[in-house]
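Just below is one structure, and these are the notes that go with it.
Nothing fancy with the numbering, it's 1 onward along the sequence. Note that these values count all heavy atoms, side chains included, but never hydrogens, waters or copies made by symmetry. This one's a predicted model, so the numbers in the text were calculated from it and none came from an experiment.
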Amino acid sequence: MKIFDEIESEVQSYARSFPRVFNRAKGELMWDEDGNQYLDFLAGAGTLNYGHNNPLFKDTLIDYIQNDGITHGLDMHTKAKGEFLQTFNDKILKPRNMDYMVQFTGPTGTNAVEAAMKLARNITGQHNIVTFTNGFHGVSLGALAATGNSHHRNAAGVSLNGVHRMPYDGYLGENINTTEYLDKVLSDSSSGINSPAAVIVETVQGEGGINVATIKWLQDLQRTCKKHGLLLIIDDIQAGCGRTGDYFSFEEAGIEPDIITLSKSLGGYGLPFALVLMKPELDQWKPGEHNGTFRGNNLAFVTAKAAIDHYWSDKKFSDDIKRKGRYVSERLENIVSQYGNGNFTTKGRGMFQGINCVSGDIAAKITRNAFKKGLIIETSGADDHVVKLLCPLIISDDNLKKGVDIVESAIKEVCEAETKIPEEETYFETEPSKN
Ligand SMILES: *Cc1c(COP(=O)(O)O)cnc(C)c1O
């Protein structure tokens with residue numbers, strides 16, 4: 001369609017990788033306007049854990065609209081909001097012994113991160129926040145300062161400050177525990193890193209290249225935070241809502257973050273919704289201090305509640321995610337042992353997995369080849385060198401196999417082409433067309 005070239009800004013990104021016009025979607029499938037079917041292994045970058053247009057919540061949403069339920073209500077008390085809070089408390093927080101206050105922020109992840117960082121700074125009276133290499137927390141200025149990616153940072157136009165960057169788990173090699181460095185600089189009054197307000201961290205770095213923090217590292221990080229009086233903020237926007245197998249990605253580590261951010265799949269139906277959870281004693285906001293017009297997306301409250309009711313009332317869904325995760329990791333282990341000349345490695349936890357192809361060029365060829373075979377899949381990481389498998393968690397076993405099969409054959413073809421005819425790259429189209 002010409003209109004996209006005519007008037008849609010150059011800022012487009014995902015649209016460039018998948019140059020089709022999409023008009024229908026269901027579960028793990030999408031269709032373009034010519035009727036071609038695709039398997040969706042991108043899933044709104046982790047926003048569609050429960051699939052597209054999940055039939056279990058669709059009628060609930062339609063009924064709510066038909067009955068003239070409140071759609072927009074600023075932050076006023078509505079029945080939909082109350083019911084969401086009740087369900088979230090009864091089925092998510094209480095069974096996990098989690099005692100948190102819930103703040104409704106603007107509906108984007110980045111706004112929840114802004115609120116979390118602001119709160120930590122105001123409570124502690126400190127300015128700096130410890131953030132990690134390859135972290136991604138959003139692109140509004142405060143969150144962007146916490147984000148590592150230079151492509152995003154360079155667009156800021158002003159200096160990004162108020163953070164100290166620390167090496168994430170594994171950044172300096174497998175055998176170096178980077179929390180020891182954090183502990184050391186926080187203990188040294190001349191390290192130049194004095195009394196930060198908080199640490200903000202992802203348990204698995206999604207945009208940063210599916211870098212997984214070990215359970216021990218997360219526990220050590222919490223201990224270091226406690227020792228030095230730093231608040232621990234877990235950004236669970238992409239890793240949460242079941243992606244790693246549990247509702248919260250940090251459950252396995254048994255840690256208790258002071259502040260938690262959630263968004264992406266929280267709304268259940270792909271509807272915008274974000275939250276900050278904070279320990280009760282940290283709820284030191286004054287009325288309206290962190291504001292926003294769209295803090296009351298009631299349609300999202302309805303589907304978020306339905307998602308929790310349907311998937312998180314017992315352990316079945318969680319067990320199923322873990323089972324599928326084991327299947328994916330076995331398949332990926334097998335794939336990297338066959339292709340990539342021993343250079344490729346697998347990464348991930350639960351259904352948050354990827355293949356490190358070392359080269360961004362190779363990874364792009366693989367995802368482009370996969371798209372030709374009907375699979376929507378993206379890359380992430382500093383050099384876009386990690387092929388990221390992020391399918392809806394509700395995917396059928398058949399389609400999960402089908403998707404991984406496509407990844408495998410795309411990799412096989414790319415690797416064979418690379419070794420056979422290194423001098424002439426005629427096998428693949430060069431750049432994806434923008435039309
Ligand atoms: C996507 C993401 C964000 C930002 O969310 P937006 O809705 O894009 O603003 C923040 N943190 C993490 C970990 C994310 O994956």
Side-chain angles (χ1 to χ4, degrees), residues 44-47 49 75 84-85 88 92-93 96 98-124 129-132 134-148 162-163 168 197-208 213 218 221-222 225 230-244 246-251 253 255-268 271-280 282-285 289-292 294-295 297 300-301 304 308 352:
T47 306
N49 284 4
D75 74 344
F84 163 76
L85 278 173
F88 191 74
I92 301 297
L93 296 179
R96 293 168 179 78
M98 291 172 67
D99 190 13
Y100 286 85
M101 299 301 282
V102 179
Q103 177 185 2
F104 295 83
T105 65
T108 57
T110 203
N111 195 251
V113 169
E114 294 291 343
M117 291 172 71
K118 218 188 245 186
L119 182 65
R121 286 175 172 138
N122 285 328
I123 289 169
T124 59
I129 291 184
V130 172
T131 63
F132 290 93
N134 289 297
F136 183 84
H137 301 285
V139 297
S140 53
L141 285 181
L144 186 55
T147 290
V163 301
Y168 191 69
V199 160
I200 184 165
V201 68
E202 299 154 272
T203 62
V204 180
Q205 294 182 322
E207 299 308 304
L218 293 170
L221 181 63
Q222 169 166 278
C225 286
L230 275 62
L231 297 173
L232 176 59
I233 306 170
I234 299 278
D235 180 351
D236 229 12
I237 288 171
Q238 190 163 162
C241 300
R243 180 53 59 183
T244 65
D246 297 313
Y247 190 84
F248 295 105
S249 68
F250 51 81
E251 286 179 44
I255 59 173
E256 269 187 65
D258 297 294
I259 302 174
I260 301 159
T261 55
L262 285 175
S263 184
K264 293 214 160 94
S265 279
L266 176 66
L271 292 169
F273 184 14
L275 287 181
V276 174
L277 309 179
M278 69 209 79
K279 292 270 182 192
L282 301 180
D283 186 14
Q284 297 175 20
W285 288 112
E289 262 188 332
H290 188 84
N291 219 328
F294 289 107
R295 286 174 299 145
N297 183 359
F301 299 158
I308 293 169
F352 205 177

Step by step, work out the side-chain contact (heavy atoms from CB on, under 4.5 Å) result for Val201 and Leu232.
-> CA-CA 8 Å; Val201 68; Leu232 176 59; 4.2 Å; yes
Is a donor on one side and an acceptor on the other found under 3.5 Å between the side chain of Asn297 and the backbone of Pro272?
-> yes
Quick check: are there more than 12 heavy atoms from other residues, nucleotides or ligands sitting under 6.0 Å from CD of Glu251?
-> yes
Ignoring hydrogens and geometry, is there a side-chain-to-backbone donor-acceptor pair from Ser263 to Phe273 under 3.5 Å?
-> yes
So among Val199, Leu262, Thr203, which one has a side chain to side chain contact (heavy atoms under 4.5 Å, CB included) with Ile234?
-> Thr203
Can you sort out the partners of Asp99 under salt bridge (charged side-chain N to carboxylate O under 4.0 Å, His left out), two or more places apart, ordered by chain and number?
-> none
Minimum heavy-atom distance Lys264-Gly46, with the two atoms named | CB-O, 3.6 Å
Would you say the side-chain atoms of Glu114 pair up with the backbone N or O of Ala143, donor to acceptor, closer than 3.5 Å?
-> yes
Judged by atom type as modelled, is there a donor-acceptor pair below 3.5 Å linking the side chain of Glu202 to the main-chain atoms of Gly135?
-> no
Rounded distance (nearest 0.5 Å) linking atom CG of Asp236 with atom CZ of Arg243 | 12.5 Å
Looking only at heavy atoms, the pair that brings Ala116 and Ile233 closest together is O-CD1, 4.0 Å
Look only at the side chain of Asn49 and the backbone of Cys241, and say whether a donor-acceptor pair between them is shorter than 3.5 Å.
-> yes
Between Val276 and Thr105, which heavy-atom pair has the shortest distance, and what is it?
-> CG2-CG2, 3.7 Å
Note: Gly106 and Asn111 closest approach over all heavy atoms is N-OD1, 2.8 Å
Contacts of Asn122 meeting side chain to side chain donor-acceptor pair (under 3.5 Å) (sequence neighbours excluded), chain-then-number -> none
Considering residues at least two apart in sequence or located in another chain, which fulfil the salt bridge (charged side-chain N to carboxylate O under 4.0 Å, His left out) criterion with Glu207?
-> Lys388
State whether the side chain of Thr147 and the backbone N or O of Gly138 hold a donor-acceptor pair below 3.5 Å, judged by distance alone.
-> yes
Between Tyr100 and Pro280, which heavy-atom pair has the shortest distance, and what is it?
-> CA-CD, 4.3 Å
Look at the side chain of Arg96 and the backbone N and O of Phe248, then say whether any donor-acceptor pair between them is shorter than 3.5 Å.
-> no
